[in-house]
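The next block holds one structure in the form of structure tokens; read it before the comments.
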Number of protein chains: 2
Amino acid sequence: MLNEIIKKITEEYSVLSNETIDKWKENIKVLEFKKGTQLVKEEKFTNKLYFIYKGSAKAYHLKDGKIITDWFAFNNEFICAITGYFLKEPSEHCIELTENSIILEFEREKLTELSNKFHDFERFSRKIITKIMLQLQKRVVYLQFSTANERYHFLLKEYPKIELHIPLGDIASYIGITQETLSRIRAKK
Amino acid sequence: MLNEIIKKITEEYSVLSNETIDKWKENIKVLEFKKGTQLVKEEKFTNKLYFIYKGSAKAYHLKDGKIITDWFAFNNEFICAITGYFLKEPSEHCIELTENSIILEFEREKLTELSNKFHDFERFSRKIITKIMLQLQKRVVYLQFSTANERYHFLLKEYPKIELHIPLGDIASYIGITQETLSRIRAKK
DNA sequence: AGCCGAATTTGATTTATATCAAAAGTTTTG
DNA sequence: CAAAACTTTTGATATAAATCAAATTCGGCT
């Protein structure tokens, strides 16, 4: 199974030599958890990057006691507690599985080591980060100046089946509106 | 001058070998332009990355005929028309100098070539993108759920002197509010 | 220096969305 | 399979910020 996943990932991002893949494989953990499992808890240091093989996860943080959803990941997507992982600060973000999932877990230090050792892995890392960066860029554009209705339809275009996996409140939070507003938007079309 | 700039950049992001630096230098253009110069015009393909040595620039796009500011860059920061540069699509974004500036210009294809050839340059590229990604991440957080007032003070914390360089309307647009609202916020403290 | 156009402020009004509250549906689970 | 515990919907009201409009201030230019 791992070989198959790696094939898929490298096809999407960039090709790796067999040597690099072999070294990489030594450090990959394949894990299976139930819905609701917390992969990262708030205020903990985290050095893990996750890849959702099957299932889904969300990252969120708390503001004034309310849950704010930061990120979703579905099949074949990466997720991490972004400030915790990249800035090596205690994480403001939690990561929680939103369905029973099979995931891959990578350790930052191992990935850094691989990036230092293998040029192709460094490129691979850059591609992954570039994709995350572009996703964030898109979100900024629609968060900056669009109505609740536009945000919702933009999200649906990106993730047409999101409502099958994620509760309404989390979706609303992700696009920066309340769940009541989202419910009303949905009601009228 | 170029040597000094390169020293500064590599210190901030990651160290490069002399060989890499030499090859890189062959492809760097140092340019000087007046305030108001458009580095990237809308709907054009763009393959340039810019570095502001002295001065400032903004990226913006139009929505319903209104200018929406996407990005600012000041001394020692990078800027590009992000979707145009990374996705190789015609750019939705324009880049305009907001002051008389001295800038460096890099070409995507040359940078790609350097990244392919030199492992250290690949790492350097990754670091630059990572920084952009983290900036975007911060913006998402405050655009998602905060008041006009919070956004303004967050921005001031990041760029304390921004008001000396950038007109109020552009600042307001960057944080997703109207300039009238920003003016009122400023009036009351 | 003083004029003109641009940028900013101030005022009145409207509007989208938040908030608070309660009812109706859905899952989960013992 | 019923009770409990969430989730979603619906309703009434409040509010932050947008919009529209005009007045004022600022800053570059001859």
Side-chain angles (χ1 to χ4, degrees), chain A residues 33-38 55-56 58 60 62-69 72 94 96-101 142-156 161-189, chain B residues 33-38 55-56 58 60 62-69 72 96-101 141-156 161-189:
Chain A
F33 291 117
K34 286 228 180 311
K35 174 176 176 171
T37 304
Q38 298 240 324
S56 57
K58 67 175 178 193
Y60 65 91
L62 296 171
K63 193 196 172 200
D64 309 329
K66 283 176 199 156
I67 287 180
I68 297 188
T69 310
F72 296 120
C94 307
E96 190 180 306
L97 294 179
T98 44
E99 296 172 298
N100 297 339
S101 304
Y142 77 73
L143 286 174
Q144 207 174 340
F145 269 110
S146 51
T147 62
N149 188 53
E150 287 170 328
R151 292 173 190 206
Y152 174 61
H153 290 291
F154 183 86
L155 182 70
L156 276 191
K161 291 181 190 161
I162 195 168
E163 293 176 340
L164 303 175
H165 304 281
I166 305 286
L168 179 104
D170 287 348
I171 294 176
S173 157
Y174 182 73
I175 58 178
I177 65 178
T178 59
Q179 67 170 325
E180 292 93 329
T181 298
L182 181 51
S183 176
R184 282 182 250 263
I185 285 169
R186 252 185 359 178
K188 78 166 83 119
K189 239 198 77 174
Chain B
F33 291 117
K34 287 228 178 311
K35 173 176 176 172
T37 305
Q38 298 241 323
S56 57
K58 68 175 179 192
Y60 65 91
L62 296 172
K63 195 197 169 197
D64 309 329
K66 284 177 198 152
I67 287 180
I68 298 188
T69 310
F72 295 120
E96 190 180 305
L97 294 179
T98 44
E99 295 173 300
N100 297 340
S101 305
V141 169
Y142 78 71
L143 286 174
Q144 207 174 342
F145 270 111
S146 50
T147 61
N149 189 53
E150 287 170 328
R151 293 172 191 206
Y152 175 62
H153 290 291
F154 184 87
L155 181 71
L156 277 191
K161 292 181 192 162
I162 194 167
E163 291 175 344
L164 303 176
H165 305 280
I166 305 286
L168 179 105
D170 288 348
I171 295 176
S173 157
Y174 182 72
I175 58 178
I177 65 178
T178 59
Q179 69 169 326
E180 292 94 330
T181 299
L182 181 51
S183 175
R184 281 181 249 263
I185 286 169
R186 251 181 3 174
K188 77 166 85 121
K189 241 201 75 179

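Chain identifiers are assigned alphabetically (A, B, ...) following the order of the sequence lines, protein sequences preceding nucleic acid strands; residue numbering begins at 1 within each chain.
For A:E180, counting side-chain heavy atoms from C-beta on, the closest listed nucleotide (D:dC20, D:dT10, D:dT8) is D:dT10. The side chain of A:L168 lies closest to D:dT9, out of C:dT8, D:dT9, C:dT17.
Between the base of C:dT19 and the side chain of A:R184 there is a donor-acceptor pair shorter than 3.5 Å.
Between B:K35 and B:L97, every side-chain heavy-atom pair lies at or beyond the 4.5 Å cut-off.
The separation between B:Q179 atom CD and D:dA22 atom C1' is 14 Å, rounded to whole Å. A:I185 places its CD1 atom 14 Å from the C1' atom of D:dT8, with the value rounded to the nearest Å. In this structure, B:R186 places its CZ atom 14 Å from P of C:dA7, rounding to the nearest Å. At whole-Å resolution of the value, NZ in A:K66 and C1' in C:dT17 are 13 Å apart. Between the P atom of C:dA7 and the CG atom of B:L164 lies a distance of 17 Å, rounded to the nearest Å. One can place CG of A:N149 at 11 Å from C1' of C:dA16, the figure rounded to the nearest angstrom. Here the C1' atom of nucleotide C:dA7 and the CD atom of B:E163 are 13 Å apart, to the nearest Å. Spacing between atom NE2 of B:H165 and atom C1' of C:dA7 amounts to 18 Å, rounded to whole angstrom units.
Counting any heavy atom pair closer than 4.0 Å across all strands shown, A:G36 reaches no nucleic acid atom. If you check every strand for non-hydrogen atoms under 4.0 Å, B:I177 touches sugar and phosphate atoms only.
Residue whose closest nucleotide on DNA chain D sits further toward the 5' end, between A:I166 and A:F145: A:I166.
At most 12 non-hydrogen atoms from other residues, nucleotides or ligands lie less than 6.0 angstrom from NZ of B:K66.
A salt bridge links B:K63 with A:E150: the distance from a Lys NZ or Arg NE/NH1/NH2 to an Asp or Glu carboxylate oxygen falls below 4.0 Å.
Between the A:T69 side chain and the A:D170 main chain, a donor and an acceptor come within less than 3.5 Å of each other.
One finds a side-chain N or O of A:T178 lying less than 4.0 angstrom from the OP1 or OP2 phosphate oxygen of C:dA18. Contact check, B:T181 against D:dA17: no side-chain N or O comes under 4.0 Å of OP1 or OP2.
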- [ ] Tell me, with the steps shown, if A:R186 and A:E163 meet salt bridge (Lys or Arg N to Asp or Glu O under 4.0 Å).
- [x] CA-CA 11 Å; A:R186 252 185 359 178; A:E163 293 176 340; 3.2 Å; yes

